[in-house]
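Down below is the structure, laid out as structure tokens.
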Amino acid sequence: MGKQQITDPHHLLFEAPRVQSFITGSEAVAEAVKRANVDMAIAYPITPQSESMHLVGELFEQGYIRDFYRAENEFAVMAAIHGASLGGGRVFTATSGPGTLRAMEMFPVWAGARQPIVCAFMCRGVSLPPSIQPENIEMGMLLDTGMLMLHAEDGQDFHDMVLAGYAVAEQPEVHLPVGVFVDGFFATHTKDRILLPPADLKLPPYDPRTAPVPTFDMETPPMRITRDPLLNKSNFISGAANASWHQEVLAAAERSRRHLRTYLGGLLEVESPKAKTLIVASGTAVSQSREALRLLQAEGIDAGLIKIKSIRPFPEEELAEATDHADLIVVPEFNAGGWLGREVKAALDRNRRVVSGPRLFGGMSMPPGLIVETIKGAMATKNRSAGGA
Amino acid sequence: MNEMSYKVLPGPEGFLPPAAASMGIELPEVGEALVEGGVVSAQQGLEKIVEKLISAKNPVFFPGPLILWNWKDGVAEKAAALKELAEAVGAKIIPMPDYRPKYPMINPAIEVNPNHPNLTIWHNKIDVCVFIGVHCHYANVALKIIRGGTSCYTIAFCGEVGHEDAMISLRGAGLSELKKLTELVKKRKGEVKGD
Amino acid sequence: MNKPIFQISPGFEEIMPPEYRELVANGPYGKGFGVSDLGSYKELIEEHPLCAGCGLALSIRLALASLPNPGDTVIVGSTGCSSLVFPQVALHNIHSLFGNQNAVASGLKRALKLRFPDKVKDVVVIAGDGATADIGLDMVMQSWFRRENITTIMLDNEAYANTGGQESGMSRQGAVLNMAPTGKKFPKATLPEVAQAAGCAYVAATSPAHPRMLEKAVRKAVLIAREVGPTYIQLFSPCPTNYKFKPQETIPLIKQREKEGIFRNQEYISDEAQRFLDSLEEARKK
Amino acid sequence: MSEKISIRMSGLGGQGAVTAAHILGAAAYRDSLQVTVNPFFGAEKRLAPAESYVRISREPIFERGEVLYPNIIMIFHPHVITLGKCYTMPFFDGLREGGTILINSGTPLDLTKEDRQSLAERRAKIYYVPATEVAMQVSGTELSTNIAMLGGLYGIRPITTMKALEESMMERFGGGKFVASATTAALDDAVKEKFGKVSQMIEKNMEVVRKAGESLTEYSLS
Amino acid sequence: MIEQKVVNPEFLFFTAEKKKLFMTGSEAVREAIRKANVDVAISYPITPQSESMHLVGDLFAEGYVKEYFRGENEFAVMSSVAGAAMAGVRVFTATGGPGTLRAFEVFPTWAGARLPIVCAFMTRGVNSPLTIQPDTIEMAYLLETGILMLHAETAQDLHDMILKAFIVAEKTDVHVPVGVFADGFFVTHTKEALEIPEPDIKLPSYDPNNSPVPPMDMESVPVRQMRDPFVMKSNFISYAAHASWQQEVDAARERSRKYLEKYLGGLLETENEDADVLLVTSGTAVCQSREAMAAARAQGLSVGLVKLKCIRPFPAQEIKALAAKAKAIIVPEFNRVGWLAKEIKSVIDEPGKVIGAPRVYGGMTMPPELILDEIRRVSR
Amino acid sequence: MYYAARVAEEKCTGCKICIISCPDSNVIAYCETKKVKIDAGRCKGCGLCVSVCPKDALTVSQD
């Protein structure tokens with residue numbers, strides 16, 4: 001292990017000179033953890049997350065992180081990470097698909113307990129039938145757990161978002177868990193050109209004393225404290241206290257917007273903003289959409305792209321503004337439920353403009369031509385109905 | 001999109017076509033059959049099957065476990081009736097002995113599998129196929145895949161409530177329907193010869 | 001042929017793929033075959049995709065050949081290398097999730113008892129060490145506490161082999177594996193002792209290096225589970241791929257471990273189970 | 001290299017299609033080309049069909065996942081076609097106009113009339129290379145079949161400089177950290193055991209590349 | 001145990017004579033299960049579900065349920081229930097809040113394996129902070145798991161929906177699990193008047209041989225059979241098979257609509273549907289809305305009510321048509337995120353009409369006055 | 001191109017230990033001649049049979 005110098009997140013993310021490398025998404029996340037000054041990581045084997053957590057294990061061996069072990073199942077991993085975070089450590093873990101669902105009960109707990117945990121989710125199909133292939137239906141199930149949700153397009157995003165995740169999660173007024181989501185295999189196993197900041201830099205250590213809740217170390221007052229107390233007496237006041245706690249968790253997520261703009265450069269990103277036809281996507285569906293834009297441009301069809309980087313908080317206002325002039329909005333996604341389409345529709349007015357599709361799942365790739373077909377099909381339908389009117 | 005106008009026709013239909021039930025196609029009631037997504041009488045359904053079988057270049061029956069295995073009373077009779085029907089049509093029989101995906105490979109010349117039925121259809125150049133004795137879930141999955149990837153015309157002979165993803169589907173069909181079909185085929189073939 | 005479900009409908013014998021015809025003509029159902037008959041009948045496992053020299057594959061093959069009544073046995077498996085074998089097995093078998101095999105088996109066994117009160121339906125769990133001793137340990141032990149009439153067979157390859165060779169609760173202390181890059185810090189879990197304490201009527205630890213011992217253990221375990229209570233078998237099944245030894249060394253390695261005293265074959269049988277076996281033996285003699 | 005090339009490599013588990021994709025991709029990266037490498041894993045073991053994908057271009061590449069419309073298809077084992085040991089079927093579906101097919105075989109395969117016809121319509125070119133034979137002959141192990149397939153590819157069309165290819169192999173086998181499946185790691189060990197020194201192995205592999213390039217035959221579709 | 005006669009489901013639901021009883025929601029569950037001809041029930045303690053599963057245990061002791069035990073945790077319970085269902089019997093269980101999340105991984109597998117399990121979800125808040133009080137947030141998590149989701153307004157609904165759920169779930173063309181959701185405490189612990197059939201009749205037993213997938217009993221063909229195998233090799237065809245399987249599960253959910261229409265009398269129910277302002281909601285938020293509507297109408301305001309009985313499949317077309325006529329749509333909910341409002345917004349043409357309020361959670365009650373305030377605001 | 005086990009018939013005594021030490025089903029069969037034979041097409045060439053044969057009757061080689 002080389003000696004690392006502490007630098008502020010802004011410098012690490014935006015100013016430090018970057019070196020180009022040709023690595024997989026799994027390697028990219030380990031590179032982020034290497035620079036994140038993580039105290040503790042806990043792992044459990046699950047495809048396609050395993051490679052990255054093997055590499056994180058090696059970081060432990062090399063001394064970049066201070067403790068690491070394999071726990072007995074994902075629920076236990078997430079509970080142990082919860083414990084480590086209560087103890088004041090900066091923690092990292094990762095899971096995937098069925099593992100996410102096995103640990104489901106813990107995610108709202110993290111958020112409610114205001115823990116700045118960063119967890120990578122290498123999305124895959126959930127049973128049944130069993131699948132280890134890419135699909136992001138698990139994100140649709142996590143939308144209301146209270147954690148912040150960032151969706152990486154590729155290995156570069158994955159790397160940067162893990163680092164940005166700590167910077168945002170640990171803001172005293174935010175102090176919430178951040179899930180960094182990436183589509184398994186499409187991003188984790190693809191080798192790509194990735195720009196890395198120097199390995200001799202790292203984030204400043206986490207300071208639990210700035211947390212909005214006390215640390216469990218018997219070094220922090222008050223002495224008499226339980227996390228989190230049973231606010232469940234059967235009376236109006238304890239019901240109201242419980243509800244207010246939830247409001248505070250929602251408020252903390254709202255407060256993260258400002259920091260997400262700083263560290264992600266915005267909750268969404270727009271390409272060809274003036275186009276009347278817009279694709280709205282997140283994750284690797286963005287990559288496929290970029291290719292679709294090329295195909296459309298080659299045919300002289302003017303189309304633009306909105307990449308949603310933050311799913312929670314969701315950029316409702318930015319999205320409404322960016323799409324206000326559009327008359328066709330297409331939302332391609334890698335899951336059967338179409339959760340992003342639903343989010344988009346719920347955020348916009350004039351829903352008839354929105355086509356929720358194409359949707360691919362079960363491990364299927366999304367040919368860019370399919371997005372083009374969807375757009376042309378929707379245009380044809382519109383022209384027909386316009387002609388008929 | 002007007003969902004009610006959806007037609008269940010031979011493919012290949014798109015990259016990942018939807019299940020017909022998600023496009024508004026409903027299963028037939030007792031005494032009815034489905035033809036290309038529309039409801040007709042059971043008798044019309046039978047006649048349409050005969051028409052398709054007789055005009056096919058390479059019609060093939062895909063019997064599933066419920067009829068291939070002599071596992072309960074009544075199966076042997078149905079099996080015999082199916083053989084007779086296939087002979088009357090001049091169709092081949094390719095079995096679907098079970099439902100597990102066959103990896104690393106299947107011999108598409110001699111069997112069919114619900115997880116990758118297209119391998120068998122492509123290999124044998126089947127233009128009309130009939131599912132019979134296949135548990136509904138696996139039949140539906142297979143019929144949808146076939147519609148997605150091939151131009152094969154699919155017929156489903158169902159002892160339960162039918163299949164939207166087949167181009168023609170009977171419900172509550174059993175021994176008597178098999179016999180009726182054989183009769184109709186023989187009659188039609190006789191007519192054809194008579195011309 | 002003791003059961004109609006293994007018969008091909010008349011007229012379809014010709015069109016059935018050869019492996020099915022062979023299974024019907026020459027399969028093990030109702031014939032009372034055992035390990036010694038291997039090589040002379042059509043086995044329950046078709047071609048499987050596990051690695052060359054896989055100790056776990058050999059354990060499964062021997063365990064299936066040892067079932068006292070394969071025609072009425074339902075297997076519950078779990079995620080792992082073994083779940084790649086089960087699609088090729090000619091028995092009803094269930095893959096549910098990772099680690100919940102004994103919970104699934106509990107519900108299954110009780111429901112089969114309800115549906116077939118006059119028949120014996122053996123429910124056998126076959127799963128790896130990750131599924132049994134780590135992620136599913138609570139459900140494994142609770143099924144023992146509840147005295148469920150099921151047999152649990154653990155295929156112990158001392159790692160999570162299917163996800164790329166991570167350390168498991170059954171790995172040996174000091175083993176350097178993925179997710180244990182500085183060596184495992186705590187000893188191998190002592191499941192046979194745990195099983196005994198948790199109420200198993202029969203417990204055995206052995207390996208495919210002793211096929212006949214393995215066979216006897218499986219038979220006893222399944223028979224005892226029918227009448228007396230839960231039973232547990234642990235089969236040491238080394239993994240050449242993840243422990244990086246040559247495929248031909250799988251069996252020699254077990255023997256080496258035995259010689260060094262690191263691995264020992266063991267058997268525990270409760271008094272009640274022993275009396276039950278004795279009664280079976282007496283009935284057989286009569 | 002003017003346009004984007006999308007390569008689909010189909011083989012049987014254990015033949016090194018994934019490794020070949022990594023070596024080719026890393027070589028292109030060394031030559032400052034835009035490149036992504038996408039291996040795909042199922043729960044496969046030995047002899048199961050396996051595929052990997054490489055996309056190379058001068059323009060940025062965004063799309064990922066399966067290469068559904070390849071302009072080069074590399075077939076590491078004839079069984080992929082003759083026994084349907086690949087479920088990306090019908091096998092030649094999606095091959096782009098003027099595309100190339102490279103098959104590991106000493107003699108032309110018995111392609112169906114329909115396949116020949118549809119390939120001819122697409123002005124496809126088919127090449128054969130006895131990759132396993134060359135691997136055995138030159139390096140004494142069939143584990144170099146994947147390298148010989150790369151040799152065949154370079155014989156048709158030098159995708160990168162030979163220097164980049166050699167350096168890429170050095171990087172792959174030179175003991176550097178590489179994320180691979182456990183089975184691949186075991187095979188790596190077998191290869192390394194075979195040649196005492198990495199440099200010796202690379203030398204042999206480069207010879208495999210050259211020899212395979214010379215052993216190409218083009219098959220006429222007309 | 002009294003002698004029970006098997007009757008056809010329609011008779012039990014619609015024709016059988018009913019008697020009036022005053023009981024809690026938990027007791028209503030017991031009365032439903034008493035007549036449901038359940039083979040196996042498995043329980044795990046969690047508030048507020050426990051009472052109902054104690055009572056189901058009593059039914060086991062009396063002989064109405066054939067097998068019953070306490071599992072070790074909710075994940076195990078849901079797994080055991082799956083094992084029993086695969087063996088071909090009718091099963092019932094219940095959970096709530098944190099228990100739902102503990103077992104979460106299992107729910108999509110029930111749907112994917114086409115198991116007609118009926119599970120009652122007595123909804124409550126999930127941690128943190130810890131609460132046992134009513135809250136419907138768990139429903140948001142379950143929307144894409146493939147299970148059918150019915151939402152009971154009252155104990156009467158809970159009783160009726162559980163019985164009907166078995167019949168819909170077990171239709172060959174449906175054959176997916178049904179979750180019957182009832183807001184904890186507000187329904188489970190409230191005593192109210194019910195009208196239910198006498199306990200001397202019961203539903204016909206489940207026949208696994210009409211299942212779209214074979215039971216795992218070594219009595220059904222095929223013999224070589226794995227439930228449910230990995231359709232996950234890395235090639236186009238196996239991805240397509242996996243995708244088609246998911247589509248089929250979704251299709252099964254679609255096919256349930258006609259049975260739900262028949263047995264529930266529609267996926268939704270309306271009152272004054274031509275009004276300017278529509279209250280659209282589900283569960284006990286409907287009760288509160290009824291009070292608010294009455295108060296508003298007394299003040300001369302034009303207010304209607306849409307009670308959603310079924311959340312999955314979602315009555316999208318029906319809502320879209322109703323929404324087109326309304327000037328404003330108010331969606332009161334018992335959770336912090338407003339998942340129902342989002343559902344509604346995403347299926348109508350003008351989501352701007354939707355007011356996702358009031359939202360009450362953490363165990364708080366929703367005074368009808370709060371809804372009335374919203375009505376007044378939009379009626380201005 | 002793959003390795004497979006082979007039997008030297010003259011050395012085989014038909015003790016079957018190889019059959020019950022093979023991780024793959026129906027690869028080594030017991031024949032009428034009371035010796036074993038190997039289905040080379042399905043043999044993965046692991047050599048476990050070689051390691052247990054008391055008569056050194058088995059070898060693994062490439063076809």
Side-chain angles (χ1 to χ4, degrees), chain A residues 75 98 101-102 104-105 108-113 125-133 137 140-145 227-232 234 236 238-247 249-250 335-337 339 341-352 360-365, chain E residues 75 98 101-102 104-113 125-133 137 140-145 228-232 234 236 238-247 250 335-337 339 341-343 345-352 354 360-365:
Chain A
F75 179 63
L101 304 199
R102 183 74 55 100
M104 193 73 181
E105 193 185 355
V109 172
W110 289 356
V126 302
S127 301
L128 270 162
S131 166
I132 60 165
Q133 305 298 355
I137 188 77
M141 296 166 176
L142 290 168
L143 293 171
D144 298 314
T145 50
R227 289 274 295 273
D228 299 278
L230 281 74
L231 283 176
N232 60 1
S234 52
F236 178 81
S238 82
N242 193 302
S244 304
W245 188 309
H246 283 294
Q247 288 173 319
V249 173
L250 290 174
N335 68 81
W339 57 263
R342 194 154 66 228
E343 291 290 314
V344 170
K345 282 183 173 182
L348 304 184
D349 211 345
R350 292 172 287 143
N351 261 347
R352 256 173 290 201
L360 276 311
F361 36 97
M364 293 180 82
S365 293
Chain E
F75 178 66
L101 301 199
R102 184 72 57 97
F104 202 83
E105 191 188 358
V106 187
F107 301 121
T109 73
W110 284 359
V126 301
N127 305 1
S128 300
L130 211 160
T131 174
I132 58 166
Q133 308 297 356
I137 188 141
Y141 304 136
L142 289 162
L143 292 170
E144 300 310 330
T145 51
D228 287 279
F230 292 21
V231 189
M232 55 176 217
S234 56
F236 177 81
S238 76
Y239 308 145
H242 197 282
S244 301
W245 187 308
Q246 289 195 46
Q247 288 177 318
D250 208 44
N335 67 77
R336 75 180 183 195
V337 296
W339 58 263
K342 190 166 79 188
E343 287 290 307
K345 282 182 178 181
S346 71
V347 300
I348 69 178
D349 287 337
E350 295 157 287
V354 176
V360 174
Y361 38 94
M364 295 180 82
T365 297

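First the proteins, then the strands, lettered A, B, ... as listed; each starts at 1.
Of the listed residues (E:Q247, E:R336, E:K345), the one with the most heavy-atom contacts under 4.5 Å to chain A is E:R336. With chain A as partner, the option from E:T109, E:V106, E:D228 having the largest number of non-hydrogen pairs under 4.5 angstrom is E:T109. Among E:D349, E:V354, E:V360, the residue making the largest number of heavy-atom pairs under 4.5 Å with chain A is E:D349. In terms of heavy-atom pairs under 4.5 angstrom with chain E, the leader among A:V126, A:L360, A:D349 is A:D349. Your options are A:V249, A:N351, A:L142, and the one with the most heavy-atom pairs under 4.5 Å with chain E is A:N351. Among A:A347, A:A240, A:G140, A:A336, the residue with the largest count of heavy-atom pairs under 4.5 Å with chain E is A:A240.
For E:N127 (side chain) and A:V109 (main-chain N/O), no donor-acceptor pair under 3.5 Å exists by modelled atom type. Without hydrogens or angle criteria, E:H242 side chain to A:F361 main chain gives no donor-acceptor distance under 3.5 Å.
Across all non-hydrogen atoms, the minimal contact from A:A346 to E:K342 is CB-CG, 3.5 Å. Residues A:E105 and E:P98 share a closest heavy-atom pair of OE2-CB, 3.3 Å. Here the closest non-hydrogen pair linking E:E105 and A:P98 is OE2-CB, 3.2 Å. The minimum heavy-atom distance linking A:G362 with E:Q246 is given by the pair N-NE2, 3.8 Å. Nearest heavy atoms, A:R342 versus E:S346: CG-OG, 3.2 Å.
Separating the CD1 atom in E:I348 from the CZ atom in A:R352 is a distance of 11.0 Å, to the nearest 0.5 Å. Between E:W339 atom CH2 and A:L143 atom CG the span is 14.0 Å, to the nearest 0.5 Å. For the atom pair OG of E:S128 and CG of A:N242, the computed distance is 10.0 Å after rounding to the nearest 0.5 Å.
Contacts between A:S244 and chain E at a heavy-atom distance below 4.5 Å are absent for every atom of the residue. For E:L142, no part lies near chain A; criterion is any non-hydrogen pair under 4.5 Å. With a 4.5 Å cut-off on non-hydrogen atoms, E:Y141 touches chain A through its backbone and its side chain both. Looking at E:T145, both its backbone and its side chain come within 4.5 Å of chain A, counting heavy atoms on both sides.
In this structure, the side chains of E:Y239 and A:Q133 come closer than 4.5 Å at one or more pairs of heavy atoms. Counting heavy atoms from C-beta on, the side chains of A:H246 and E:P129 come closer than 4.5 Å.
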